[in-house]
Amino acid sequence: MATNALRSLWAEPRPANAPGRRPRDWALVAVLSCWSLLEAVLRQDLAPRPLLLLAVPAVLGPLLWRRTHPLVAVAVSFGTLTVVDIVRILTGSQGALLNSISAALILAYALFRWGSGREAAGGLGAILLWLALTNIADTTSLADSVAAYGFFLFAAALGAAIRYHTKILIRDIDQAKAREREQLARELHDTVAHHVSGIAIQAQAGRAVAASRPERAVEALAVIEDAATRTLTELRAIVGVLRDTQDTEFAPQPGMAEVEQLATDGRTRPCVEVTLSGEFDGLSPAVGAAVYRLAQESVTNARRHARQATQVTVAVTGDADHVRLTIDDDGSAAGRRAPAGYGLVGMRERASLLGGTFHAGPAAERGWRVEAVLPRTGTPR
């Protein structure tokens, strides 16, 4: 088991999309440079100036590339520091390095945060080698030596912990999106199955009356044409949604009628009020189901997380091209944060899959607001 764990760590790739240089990186280097300059001016117990001029840039410069090239940054910085300490040992130079050299802790953190497994192992070896030499160059007590090792190992462990926490967070978000895609695909699949069943029934009826009542056969063909058009629209939506191959139950899907059922009679708190306005005829079943799911999740979140909320208002408005859903609650905004879990991630993914937009956040005056705008046809992007 230990061997497998070591192999897994060794084969660990770099995290994707490592950020490059940012303004705050330049600010960090500027602050550390000023710190180094002040130390060089005010302190008297320092190593020879040429060694300081070599050591300081070797630590500060690589900070700018610590995320995109963590091993190179560590190799340049600690390799140079190792050379400096070897020179100090061989020449017997007196005096210490600048305290600003402690910024090398950031490189140890970055190595385990952004480097691959092989890079982390190689870089850690370079760091440990330098620590051994610098404790020889600067005579220190056992406690100070242990503390130095502890600081660098803690920085490395912190980088690894944040790395794996971020990895797990990204994985959970991807799983939440995948679940929402699967649920949406199931609903679209059931809708298509319903349309296809209707087409088959109408075709059979048309054949039965074609000889005796041709006009009824023409009516059946018109119904088939309309159902086939709807089916093609839903099929295009399915193509845009990746669906796992699992058994599907052909159950009726919720729609605009079920949205009204979210309203309460006022005896429970918070009271839920639902208002539907506009035109909803011809609305894609996928959009109707999405409106219900978004409203249901928002009402559930308000009941769980809206402190001191007495009213939740659900408003759905339909026009010629879009359906707009707005959910407001009057809960306290003090300390209010996004609901825990990945409900908002799933809601945003569902709206995006149908070609719509989604926003959730504190309202202008009080409470929390959820807004979604979906195209009536539910056409994916």
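Side-chain atoms are counted along with the backbone in the values below, which use heavy atoms only and exclude waters and symmetry mates.
Counting only heavy atoms from C-beta outward, the side chains of W65 and R21 approach each other to under 4.5 Å. Between V287 and R376, every side-chain heavy-atom pair lies at or beyond the 4.5 Å cut-off. A 4.5 Å side-chain heavy-atom check between P70 and R113 finds every atom pair outside the cut-off. Residues L81 and V59 are in side-chain contact: their nearest non-hydrogen atoms beyond the backbone lie under 4.5 Å apart.
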Evaluation steps, side-chain contact (heavy atoms from CB on, under 4.5 Å), between R14 and E119: CA-CA 9 Å; R14 280 189 183 185; E119 290 174 331; 2.6 Å; yes

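Using modelled atom types and a 3.5 Å distance limit, the side chains of S102 and N99 yield no donor-acceptor pair.
The backbone N or O of V87 sits less than 3.5 Å from a side-chain atom of T91, completing a donor-acceptor pair. For D138 (side chain) and A96 (main-chain N/O), no donor-acceptor pair under 3.5 Å exists by modelled atom type.
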Run the side-chain donor-acceptor check on residues 314-325: report pairs under 3.5 Å with partners two or more places apart or on a different chain.
unit_1: T317; atom_1: OG1; unit_2: S277; atom_2: OG; d: 3.4
unit_1: D319; atom_1: OD1; unit_2: D321; atom_2: N; d: 2.9
unit_1: D319; atom_1: OD1; unit_2: H322; atom_2: N; d: 2.6

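Ionic pairing of R22 and D25 is not present here: no N-O contact between side-chain nitrogen and carboxylate oxygen is shorter than 4.0 angstrom.
The distance from atom CG of N17 to atom CZ of R67, rounded to the nearest 0.5 Å, is 13.5 Å.
Within a 6.0 Å sphere centred on OH of Y149, heavy atoms belonging to other residues, nucleotides or ligands number more than 12.
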